[in-house]
Amino acid sequence: MAKTILECDTVSLDEENSALVIVDQTQLPGRIKQLCLTEIEEIWEAIYLLKVRGAPAIGVTAAIGVYLAVKNIEAVNMAVFYKRFQKAKAYLATSRPTAVNLFWALDRMEGVVVKHMDCEINTVKELLRQEAVNIRNEDIEVCRRIGENALELVKPGYGLLTHCNAGRLAAVKYGTATAPMYLGHEKGYKFRIYVDETRPLLQGARLTAFELQEAGMDVTLICDNMSGTIMQKDMVDAVFVGCDRVAANGDTANKIGTSVVAAVAKHYGVPFYVCAPTSTIDMSLAAGSEIPIEERSPEEITEMWYEQRMAPKGVKVYNPCFDVTSHELITGIVTEYGIMRAPYEESLKKLKNI
Ligand SMILES: CSC[C@H]1O[C@H](OP(=O)(O)O)[C@H](O)[C@@H]1O
């Protein structure tokens, strides 16, 4: 019996601890295709091509990927093993530049090796496997807590708008921006959920609308240029989005178009919340202008989704994959430890114990 998307793990290590198992998100919603990846090159490509995507899911993928890359290494000593680990880590770190969870997870895995340099290599391999599984399983509780905290901001029957996919398909179980939606659904809150399509890769239409509809929620798909109208008509009581990197002042990088939704929400007085696991907060960057913004291929805009070409051949294209929403437009940042309000600097420092 074919699995539903809610029965599939977004990203996991298989039972034999020998393969990364993902749902190929480039095939959704039309086809639920699971992939078993064993080679570091195919794992790198899965991240780059967004077969697996979303900051938390990318972090889990990198953690499992670097474990699989070194689990079969026969090294003469720990120093050689560590060098091979560092090479695999550096390679996976080149897959995408914006979601800080990729680097956070890889650094956390390296910490396991550094802490146990005097151990047997096989012991370290097992500790790496455990850490990768921990990173995956912790995401479930972190996102559930984000959902519980976010529910304090809304009421049953609210209209909620979200952009892109910060859902189960961007994480492990609840997602971040969708965590209050899943938990609210469990509590019978009957939210009216508006999902914008999120051009050019349509993560909203293809992924968020799909997973929330599969979960039985009241979902309405809108074009990106319709978020102003639904807010003008008071159809939206709050906006929840995910994030790929939060800078020390609260500026947040998220899918391209997020800052537009935030500006429109500000104009219409609609609260705009970023749902941020602390793993996505990067205190090494003072402001959003320092966040590296990935640019992707023109074909994602000119022809990716259409039978026929939708733009003149050779037209110049600018395709930034993310934008930065100023902390001034953010009503609150919802983490697993609670809700932060502006000014964010001090509370972010406390949160990251700096
Ligand atoms: C829960 S973080 C999800 C975050 O990642 C998405 O980007 P992409 O689909 O390119 O990986 C988007 O920015 C989401 O908000």
Side-chain angles (χ1 to χ4, degrees), residues 10-11 22-26 28 46-62 95-105 136 139-140 142-147 150 161-182 195-212 224 239-246 252-262 272-282 288 291-297 300-301 304 319-325 330 333-336:
T10 300
V11 49
I22 62 171
V23 174
D24 181 351
Q25 298 191 27
T26 64
L28 293 177
I47 296 171
Y48 176 71
L49 294 178
L50 280 74
K51 292 181 179 179
V52 58
R53 37 122 331 261
I58 290 171
V60 173
T61 299
S95 52
R96 293 185 76 190
T98 304
V100 71
N101 294 61
L102 171 64
F103 313 102
W104 166 83
R136 178 188 181 280
D139 179 77
I140 298 171
V142 163
C143 288
R144 193 195 62 75
R145 287 168 57 185
I146 287 174
L161 169 63
T162 190
H163 180 71
C164 196
N165 175 256
R168 174 190 179 89
L169 287 165
V172 177
K173 182 173 182 180
Y174 297 107
T176 57
T178 59
M181 300 170 190
Y182 280 108
V195 178
D196 67 28
E197 59 185 359
T198 317
R199 272 190 59 82
L201 294 180
L202 307 181
Q203 288 95 326
R206 293 188 303 111
L207 306 177
T208 305
F210 177 51
E211 67 169 83
L212 297 184
D224 295 332
V239 180
F240 287 109
V241 298
C243 55
D244 292 87
R245 200 178 300 219
V246 182
T252 295
N254 195 52
K255 184 51 50 201
I256 189 75
T258 302
S259 62
V260 175
V261 174
F272 179 92
Y273 298 109
V274 171
C275 294
T278 47
S279 56
T280 313
I281 298 167
D282 181 357
I291 298 174
I293 299 296
E294 176 185 10
E295 284 196 43
R296 296 181 63 85
S297 75
E300 291 180 353
I301 292 175
M304 187 123 179
N319 182 13
C321 185
F322 298 95
D323 64 15
V324 175
T325 299
I330 298 174
I333 297 178
V334 186
T335 76
E336 62 271 37

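All values below come from the heavy atoms of this structure, side chains included, with hydrogens, waters and symmetry mates left out. Order of listing sets the numbers, starting from 1, for every ligand and every atom in it.
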A.B. asks: Answer with yes or no whether C243 contacts ligand 1, where contact means a heavy atom under 4.0 Å from a ligand atom.
C.D. replies: yes
A.B. asks: With heavy atoms of A170 as the reference, note each atom of ligand 1 found under 4.0 Å away.
C.D. replies: 1 (C), 3 (C)
A.B. asks: Does the side chain of R53 pick up a donor-acceptor pair with the side chain of N165 at under 3.5 Å?
C.D. replies: yes
A.B. asks: Report the distance from atom NZ of K255 to atom CG of L201, rounding to the nearest 0.5 Å.
C.D. replies: 6.5 Å
A.B. asks: Please determine if R144 forms a cation-pi arrangement with Y182, meaning its NZ or CZ atom is less than 6.0 Å from the six-membered ring centre and no more than 45° off the ring axis.
C.D. replies: no
A.B. asks: Which option out of T198, I47, D244 puts a heavy atom nearest to atom 13 (O) of ligand 1?
C.D. replies: D244
A.B. asks: I'd like to know if D224 and R199 make a salt bridge, using a cut-off of under 4.0 Å between side-chain N and carboxylate O.
C.D. replies: no
A.B. asks: Looking at ligand 1, does P56 have a heavy atom less than 4.0 Å from it?
C.D. replies: yes
A.B. asks: Please report whether ligand 1 has a polar contact with G54, defined as an N or O pair separated by less than 3.5 Å (distance criterion only).
C.D. replies: yes
A.B. asks: With Y174, which residues qualify under ring-ring contact (aromatic ring centres under 6.0 Å, His included), at least two apart?
C.D. replies: none
A.B. asks: Report the part of K255 in contact with ligand 1, treating N, CA, C, O as backbone and CB onward as side chain, heavy atoms under 4.0 Å; options are side chain, backbone, both, neither.
C.D. replies: both
A.B. asks: Calculate, to the nearest 0.5 Å, the distance between atoms CD and SG belonging to E300 and C321 respectively.
C.D. replies: 7.0 Å
A.B. asks: List for me each residue that meets ring-ring contact (aromatic ring centres under 6.0 Å, His included) alongside F322, sequence neighbours excluded, and say none if there are none.
C.D. replies: none
A.B. asks: Is the NZ atom of K173 crowded by more than 12 outside heavy atoms at less than 6.0 Å?
C.D. replies: no
A.B. asks: Provide the number and element of each atom of ligand 1 under 4.0 Å from a heavy atom of Q203.
C.D. replies: 8 (P), 9 (O), 10 (O)
A.B. asks: Please work out whether any backbone atom (N, CA, C, O) or any side-chain heavy atom from C-beta onward of H163 is under 4.0 Å from ligand 1, and answer side chain, backbone, both or neither.
C.D. replies: neither
A.B. asks: Can you list the atoms of ligand 1 that are under 4.0 Å from a heavy atom of T176?
C.D. replies: 1 (C)
A.B. asks: Nearest protein heavy atom to atom 3 (C) of ligand 1, by residue and atom, and its distance?
C.D. replies: N165 O, 3.4 Å
A.B. asks: Among R96, R53, E294, which one has a heavy atom closest to atom 6 (C) of ligand 1?
C.D. replies: R53
A.B. asks: Of the side chain and backbone of C164, name the one, both, or neither that has a heavy atom under 4.0 Å from an atom of ligand 1.
C.D. replies: side chain
A.B. asks: One residue to check: T258. Relative to ligand 1, which of side chain, backbone, both or neither has a non-hydrogen atom less than 4.0 Å away?
C.D. replies: neither
A.B. asks: What atoms in ligand 1 come closer than 4.0 Å to a heavy atom of A55?
C.D. replies: 2 (S), 3 (C), 5 (O)
A.B. asks: Check whether any heavy atom of L50 sits under 4.0 Å from an atom of ligand 1.
C.D. replies: yes
A.B. asks: Rounded at 0.5 Å granularity, tell me how far CG in N319 sits from CD1 in I256.
C.D. replies: 8.5 Å
A.B. asks: Considering only heavy atoms of N254, which atoms of ligand 1 have at least one such atom less than 4.0 Å away?
C.D. replies: 4 (C), 12 (C), 13 (O), 14 (C), 15 (O)
A.B. asks: Is any side-chain heavy atom of L102 less than 4.5 Å from a side-chain heavy atom of S95?
C.D. replies: yes
